[in-house]
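Note that these values count all heavy atoms, side chains included, but never hydrogens, waters or copies made by symmetry.
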Amino acid sequence: MSLFLSTVPTWMSNSFPVFERICLVILAILCLALIVLVFMQITGGSETNNVITGNKDSYYSQNKSGSREGRITRLIYICVGLIAFFSVVYFVLLKILSSF
């Protein structure tokens with residue numbers, strides 16, 4: 001297994017600086033987008049429980065996925081997922097190429 005990993009194709013070692021810069025730029029853009037989206041979220045006191053039934057669900061909370069707040073929440077999850085993906089790709093490539 002180590003014999004297989006000891007040989008890295010030359011195209012990979014030559015093109016890694018380009019991939020590295022692309023991944024870092026994408027990560028920076030996604031992080032800035034995540035910061036902006038978090039600041040755009042509306043924080044309010046509407047998450048209080050109903051006093052009589054103890055129920056938190058209202059019509060709005062059940063159907064808020066189509067609202068602005070629901071779309072922002074969905075975009076936040078997408079940004080976090082993409083940040084995780086590009087981080088893993090970057091550090092796996094870095095580990096593979098720096099071990100030689």
Side-chain angles (χ1 to χ4, degrees):
M1 182 74 178
S2 65
L3 179 63
F4 175 72
L5 290 177
S6 66
T7 59
V8 174
T10 56
W11 68 268
M12 190 174 195
S13 62
N14 291 339
S15 63
F16 180 69
V18 175
F19 289 135
E20 179 184 21
R21 288 187 182 102
I22 290 172
C23 281
L24 289 177
V25 167
I26 290 173
L27 280 171
I29 291 170
L30 286 171
C31 289
L32 289 175
L34 183 63
I35 290 169
V36 169
L37 287 171
V38 167
F39 281 132
M40 287 176 56
Q41 272 187 326
I42 300 170
T43 57
S46 65
E47 298 295 324
T48 58
N49 289 338
N50 189 349
V51 175
I52 297 172
T53 62
N55 193 3
K56 283 176 81 168
D57 295 331
S58 65
Y59 180 76
Y60 174 72
S61 67
Q62 291 175 355
N63 297 312
K64 71 178 181 181
S65 65
S67 68
R68 178 179 180 262
E69 186 177 339
R71 288 190 298 263
I72 289 175
T73 303
R74 193 175 314 123
L75 285 174
I76 287 173
Y77 289 141
I78 290 170
C79 280
V80 168
L82 288 174
I83 287 170
F85 172 75
F86 281 109
S87 297
V88 168
V89 167
Y90 173 73
F91 286 110
V92 165
L93 285 176
L94 184 67
K95 180 68 177 172
I96 288 173
L97 291 175
S98 67
S99 66
F100 300 108

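- Separating the CE atom in M40 from the CD atom in E69 is a distance of 11.5 Å, to the nearest 0.5 Å.
- Hydrophobic clustering (ILVMFWY, side-chain heavy atoms < 4.5 Å, transitive): V38 and I78 are in one cluster.
- Legend: residues meeting side-chain contact (heavy atoms from CB on, under 4.5 Å) with I83, ordered by chain and number and at least two apart, are L27, L30, C31, L34, S87.
- Between atom CD of residue Q41 and atom CZ of residue R68 there is a gap of 10.0 Å, rounded to the nearest 0.5 Å.
- Listed by chain and residue number, V25 satisfy the side-chain contact (heavy atoms from CB on, under 4.5 Å) test with I29 (two or more places apart in sequence, or in another chain).
- In the hydrophobic clustering of this structure, I26 does not group with Y77; members are Ile, Leu, Val, Met, Phe, Trp, Tyr whose side-chain heavy atoms approach within less than 4.5 Å, directly or through other members.
- I22 and F85 fall within a single hydrophobic cluster, where Ile, Leu, Val, Met, Phe, Trp and Tyr are joined by side-chain heavy atoms under 4.5 Å apart, directly or via other members.
- Put simply, the side chain of I72 reaches to within 4.5 Å of the side chain of I76, judged on heavy atoms.
- Other cluster members for I35: F39, joined by side-chain heavy-atom distances under 4.5 Å among Ile, Leu, Val, Met, Phe, Trp and Tyr.
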